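Everything quoted here is computed from the prediction, not taken from an experiment.
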Amino acid sequence: MCEAEISLSPGSRLDLLANPKRNFLQHRDRPSVYWLDKADVTSTCSLTERQNELARHKTVNKMYKEDRPSPIWPVKQSALQAIPSPRLKKLAEAKSVSPDWVEDRPVYSKVSEAAKRASASPHTAQLAKAKKDHAVHFISNQLKRPQEDSISEKVTAPTARTEALAVPKMEHPQHQHDLTVLRNVPASALHTQASDRVCQLAKPKTRKAIFEGYDPYRISLAAKHAEASPRIIELCTPPAHKQRHKKI
């Protein structure tokens, strides 16, 4: 390739891409949408006939009259002497109630004298009886059993196992009940003064936040030199699994 083809002209694509992007929001020639600038816009732009037509205000109807001067309207003499037609009379009638409409019954119903003197038949009396429950009927029959039961039921004594199971469960001798909420504080405890060591231990442990330099993964030197007890080593040992021999 020759050198003339490699060299770029001043108006090349590279110079075009090097130009900064135009900011349309800061364009000075753009007029305000609220027409607040004092520039003479009419000299620069012209409206079409359609725009002039839409810019005109809405005209009032020719038949429009101003508000009524008084709420009392004068009625014409011809309207006073008008005779309504049969159709108009029919439409002016109030809506009648449906013939199938029934008035709501009162809350307290009235019992007739014949119903008060009526006597129920045997079948009605039988149906009016409450339904008996089998469980209640069985218990009532057991209670109504005669006192003369069989001799074997009276003489039968519980076994040793039944008596052992019937004994209530005893509390453990070392069981300690919950302390009462209100307890008497001895006078010696009321006048006791805490030592410097107790005050030092009573202070909460201060700990910095993570963004203040606290490292939650830091291990103390005492923990590094600690020796595990035989019990801890025993608990850390994984359980031994049985080895399965492969069949040949």
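- Interatomic distance, CE of M170 versus NE2 of H172, reported as 12.5 Å (0.5 Å rounding).
- Here T124 contributes atom OG1 and K129 contributes atom NZ; the two are 12.5 Å apart, rounded to the nearest 0.5 Å.
- Residue-environment remark: NE2 (H175) exceeds the threshold of 12 foreign heavy atoms within 6.0 Å.
- Clustering of Ile, Leu, Val, Met, Phe, Trp and Tyr by side-chain heavy atoms under 4.5 Å joins L91 with none of the others.
- Counted within 6.0 Å of CG on D196, heavy atoms from surrounding residues, nucleotides or ligands total 12 or fewer; the atom is thus considered open.
- Here OG of S220 is found 9.5 Å from NE2 of H225. Values are rounded to the nearest 0.5 Å.
- Residues passing the salt bridge (charged side-chain N to carboxylate O under 4.0 Å, His left out) test with R50 are E53, sequence neighbours excluded.
- Among residues two or more places apart in sequence or in another chain, the salt bridge (charged side-chain N to carboxylate O under 4.0 Å, His left out) test is passed with E227 by none.
- How far CD of Q193 is from OG of S195: 10.5 Å, rounded to the nearest 0.5 Å.
- Within a 6.0 Å radius of CD in E49, other residues, nucleotides and ligands contribute 12 heavy atoms or fewer.
- Within 6.0 Å of the CD1 atom in I219, the count of heavy atoms belonging to other residues, nucleotides or ligands does not exceed 12.
- Between the CG atom of D178 and the CD atom of Q176 there is a distance of 10.0 Å, given to the nearest 0.5 Å.
- The minimum heavy-atom distance linking T237 with I233 is given by the pair OG1-O, 2.7 Å.
- Nearest heavy-atom pair across T180 and R183 is O-NH1, 3.0 Å.
- Atom CG of L165 has more than 12 heavy atoms from other residues, nucleotides or ligands within 6.0 Å.
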